[in-house]
Amino acid sequence: MKIEIDDDCGNAPKRRQIADLLIFLANGAHKEVLQFLTEDVVWELIGFGPSYGTDQLGVVLDRLSDPSATTFTVANVLSHGAGCAANGTIRRGDGTVMAFAHFFRFNGHGKNAKIRQVTSFMSHATVT
């Protein structure tokens, strides 16, 4: 899979964490994704409801990963305080494109803070 992401996270450790998490997620490396999350994380994929705790994330992570994907593009990773947001697209093997947006809330402001809440949106994208 081709991964397109701005690798310059500068002096923003949370942006680096989110970029790394998204790469693991795109590759279906769920175990690696878990290292960024608190044990009691709440991850809501809009349209499917929330999952509570890392032991319930399998279904959500499966829905957000796509082994047939050919290109994973992260357009933006923004951070401020204890919050981050990221958006981009996933081009599937059949040529369809899914757009995504994730909103992250960390459990603190420090560089070692973990993600305690995620809200994710996915939708078919129109390609021009």
Side-chain angles (χ1 to χ4, degrees):
M1 170 187 338
K2 179 179 178 184
I3 296 177
E4 299 171 341
I5 189 167
D6 181 6
D7 217 14
D8 179 23
C9 291
N11 191 22
K14 285 188 178 69
R15 284 183 61 201
R16 170 78 300 171
Q17 283 181 294
I18 297 302
D20 290 345
L21 178 146
L22 292 173
I23 291 168
F24 288 132
L25 184 60
N27 285 313
H30 298 170
K31 183 178 176 183
E32 286 78 4
V33 169
L34 297 179
Q35 71 183 329
F36 298 97
L37 309 175
T38 62
E39 295 268 333
D40 61 345
V41 65
V42 177
W43 195 318
E44 182 172 11
L45 176 56
I46 299 302
F48 295 95
S51 293
Y52 299 95
T54 55
D55 57 336
Q56 292 186 5
L57 287 182
V59 172
V60 170
L61 298 180
D62 285 342
R63 290 187 187 275
L64 294 172
S65 301
D66 188 346
S68 76
T70 58
T71 307
F72 178 73
T73 304
V74 177
N76 297 289
V77 179
L78 307 171
S79 69
H80 183 74
C84 279
N87 74 296
T89 58
I90 301 168
R91 181 175 297 277
R92 294 180 166 169
D94 65 3
T96 60
V97 177
M98 297 297 291
F100 67 84
H102 302 292
F103 300 87
F104 303 92
R105 180 68 56 193
F106 286 81
N107 65 352
H109 295 278
K111 66 181 180 181
N112 296 320
K114 291 195 170 209
I115 298 165
R116 66 177 174 87
Q117 181 181 5
V118 185
T119 303
S120 297
F121 296 83
M122 287 196 73
S123 177
H124 287 279
T126 304
V127 180
T128 57

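Considering every non-hydrogen atom in both A113 and G108, the closest pair reads CB-O, 3.4 Å. Residues L57 and G53 approach most closely at CG-O, 3.6 Å, considering heavy atoms. S120 and H102 get closest at one heavy-atom pair: OG-ND1, 2.6 Å. Across every non-hydrogen atom of E4 and T73, the tightest pair is OE1-OG1, 2.7 Å. The shortest heavy-atom contact between T38 and T54 is O-CG2, 3.4 Å.
Follow the hydrophobic side-chain contacts under 4.5 Å out from F103 and you reach I46 in the same cluster. With hydrophobic clusters built from ILVMFWY side chains whose heavy atoms lie under 4.5 angstrom apart, V42 does not share a cluster with I115. In terms of hydrophobic clustering, with Ile, Leu, Val, Met, Phe, Trp and Tyr side chains grouped at heavy-atom distances under 4.5 Å, F48 and F104 are assigned to a common cluster. Under a hydrophobic clustering in which Ile, Leu, Val, Met, Phe, Trp and Tyr are joined whenever their side-chain heavy atoms come within less than 4.5 Å, directly or via other members, L34 and V60 fall into the same cluster.
Here D55 contributes atom CG and E39 contributes atom CD; the two are 8.5 Å apart, rounded to the nearest 0.5 Å. If you take OG on S51 and CG on L61, they are separated by 8.0 Å, rounding to the nearest 0.5 Å. Atom NZ of residue K14 and atom CG of residue L21 lie 14.0 Å apart, to the nearest 0.5 angstrom. Rounding to the nearest 0.5 Å places CD of Q35 at 9.0 Å from CD of Q17. Rounded to the nearest 0.5 angstrom, R16 CZ and K111 NZ are separated by 15.0 Å. The distance from the CZ atom of F106 to the CD1 atom of I18 is 4.0 Å, given to the nearest 0.5 Å.
Of the possible donor and acceptor atoms, one in the side chain of R15 sits under 3.5 Å from a partner among the backbone N and O of V77. At distances below 3.5 Å, not a single donor-acceptor pair connects side-chain atoms of N27 with backbone N or O atoms of A29. Side-chain N or O atoms of N107 include one that pairs as donor or acceptor with a backbone N or O of K114 at under 3.5 Å.
Here the side chains of L37 and W43 are in contact, with some heavy-atom distance below 4.5 Å. The closest side-chain heavy-atom distance from F36 to F24 is below 4.5 Å. Side-chain contact between I90 and L64: absent, with no pair of heavy atoms (C-beta onward) separated by less than 4.5 Å.
Side-chain polar atoms of S65 and H30 form a donor-acceptor pair below 3.5 angstrom.
Applying the ring pair (Phe, Tyr, Trp, His ring centres under 6.0 Å) test to residues at least two apart or on different chains, the pairs with a partner in residues 52-73 are F72-F100.
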